[in-house]
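Following: one structure in structure tokens, then a few remarks.
Since this is a predicted model, take the numbers as computed values, not measurements.
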Amino acid sequence: MYHTLLFLHLLAALALVATVVIFSAFAFGAHRDARLLAVANVLWAIGGLGTIGFGIWLALYLDNYEIYDGWIIAAIVLWAIGSELGRRAQAGFTPVATGGEGGGETALPGEAALMHWLRSLAVLALLVVMIYKPGA
Amino acid sequence: MMAAAAISPTRPDSWDFPLLLHVLGAMLLVSTLILAAAALLFAWRAGSAALVRLGFRALLFGVLPSWILMRAAAEWIASREGLMDSNLSWISIGFTTADTGIVVILIATVLAGLAARRSGRAEGSGAGFGRGSAVLVSLLLITYLVTVWAMATKPV
């Protein structure tokens with residue numbers, strides 16, 4: 001059970017990082033294809049729900065940890081911050097990504113890019129907290 | 001890909017940094033493969049030169065550096081854990097898929113580079129190279145997801 005939960009938690013975390021990678025490509029000036037944006041948005045939704053859901057399940061399942069441990073609360077706060085930043089980044093990126101081949105060449109709003117990079121930092125911080133588990 | 005240890009209940013502090021690098025490298029590797037696969041597959045039917053270029057750049061500037069980080073950190077964490085000469089199947093799966101994977105990555109990158117070069121000259125040209133790269137990248141992505149499963153569940 002533990003290993004299955006861990007695998008699903010890792011898979012969800014991979015989905016989050018994949019979203020960050022796709023949006024980073026857009027932010028670096030890659031072709032903003034609407035289908036790629038849709039893939040990124042679906043991965044963000046799956047990753048967001050999966051990391052928090054399976055993460056809390058793991059914390060409840062394992063005797064070593066409690067849901068109110070400092071590093072778990074820090075991770076939940078980072079997840080919430082990352083989710084809101086991700087929502088703002090997606091809202092900013094969506095109007096400039098257009099369907100099919102030719103679209104998506106308009107300038108990227110600076111605020112959307114900023115939200116994306118801040119979201120990327122939040123995801124990186126989450127990974128650091130998961131591995132170092134400060135206070136555990 | 002010893003990602004399972006990332007949230008393992010007990011682990012010496014000295015393992016944290018190499019493990020962080022290994023997990024980060026593995027996550028970036030799979031994520032950049034997803035980007036490359038999506039771009040090359042979307043370009044498959046449409047023949048979009050921009051998407052082929054994106055797939056190529058994702059392989060060259062994303063997948064290759066991520067593989068190096070993941071593999072170097074794997075060596076580091078395995079030596080810390082004393083698993084270098086281990087016969088455990090999950091360790092074997094990790095090293096085997098990583099080491100054969102780099103060959104596939106290099107071939108896929110060359111194919112995508114050729115496709116990007118030709119599609120720059122004429123839209124739709126070089127589609128065969130792009131499709132070949134898309135197939136290789138997709139197969140590698142599936143292989144690495146199985147590897148993540150092996151690292152997490154640690155079959156004996």
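- Going from atom CE of B:M27 over to atom CG of A:L124 covers 11.0 Å, rounded to the nearest 0.5 Å.
- With sequence neighbours excluded, the residues satisfying side chain to side chain contact (heavy atoms under 4.5 Å, CB included) with B:W149 are A:F7, B:T153, B:P155.
- Looking at heavy atoms from C-beta onward, A:I131 lies out of side-chain contact with B:F17 at the 4.5 angstrom threshold.
- No path of Ile, Leu, Val, Met, Phe, Trp and Tyr side chains, each step under 4.5 Å between heavy atoms, connects B:I102 with B:L139, placing them in separate hydrophobic clusters.
- Legend: salt bridge (Lys or Arg N to Asp or Glu O under 4.0 Å) pairs involving residues 15-41 of chain B, not counting sequence neighbours, sorted by first then second residue: B:R11-B:D16.
- B:F61 does not touch chain A: none of its heavy atoms, backbone or side chain, sits under 4.5 Å away.
- For A:V39, the part lying under 4.5 angstrom from a heavy atom of chain B is the side chain only.
- In this structure, chain A has a heavy atom under 4.5 Å from the side chain of B:L54, while its backbone stays farther away.
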Derivation and outcome, side chain to side chain contact (heavy atoms under 4.5 Å, CB included), residues B:I34 and A:L14:
CA-CA 10 Å; B:I34 289 172; A:L14 272 173; 5.9 Å; no
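- Put simply, A:L49 and A:L5 are part of two different groups of oily side chains (I, L, V, M, F, W, Y) that touch within less than 4.5 Å, one to the next.
- Contact of A:A13 with chain B is made through backbone and side chain together, with heavy-atom distances under 4.5 Å.
- At least one side-chain heavy atom of B:L145 sits less than 4.5 Å from a side-chain heavy atom of A:L11.
- In this structure, A:D33 CG and B:L51 CG are separated by 5.0 Å, a value rounded to the nearest 0.5 Å.
- Hydrophobic cluster membership differs between A:V42 and A:V123, with clusters built from Ile, Leu, Val, Met, Phe, Trp and Tyr side chains linked at under 4.5 angstrom.
- Both the backbone and the side chain of A:V128 come within less than 4.5 Å of a heavy atom of chain B.
- Comparing A:L8, A:V20, A:L36, A:L43 by heavy-atom pairs within less than 4.5 Å of chain B, the highest count is held by A:L36.
- In the hydrophobic clustering of this structure, B:L41 does not group with B:V137; members are Ile, Leu, Val, Met, Phe, Trp, Tyr whose side-chain heavy atoms approach within less than 4.5 Å, directly or through other members.
- A side-chain contact (heavy atoms from CB on, under 4.5 Å) with B:S31 holds for exactly one of A:I22, A:V21, A:L16; it is A:V21.
- The hydrophobic cluster containing A:Y2 also contains A:I67, counting ILVMFWY residues as joined when their side-chain heavy atoms lie under 4.5 angstrom apart, directly or transitively.
- Across all their heavy atoms, A:H3 and B:A152 have their closest contact at CD2-O, 3.0 Å.
- Atom OG1 of A:T19 and atom CG of B:L35 lie 11.0 Å apart (nearest 0.5 Å).
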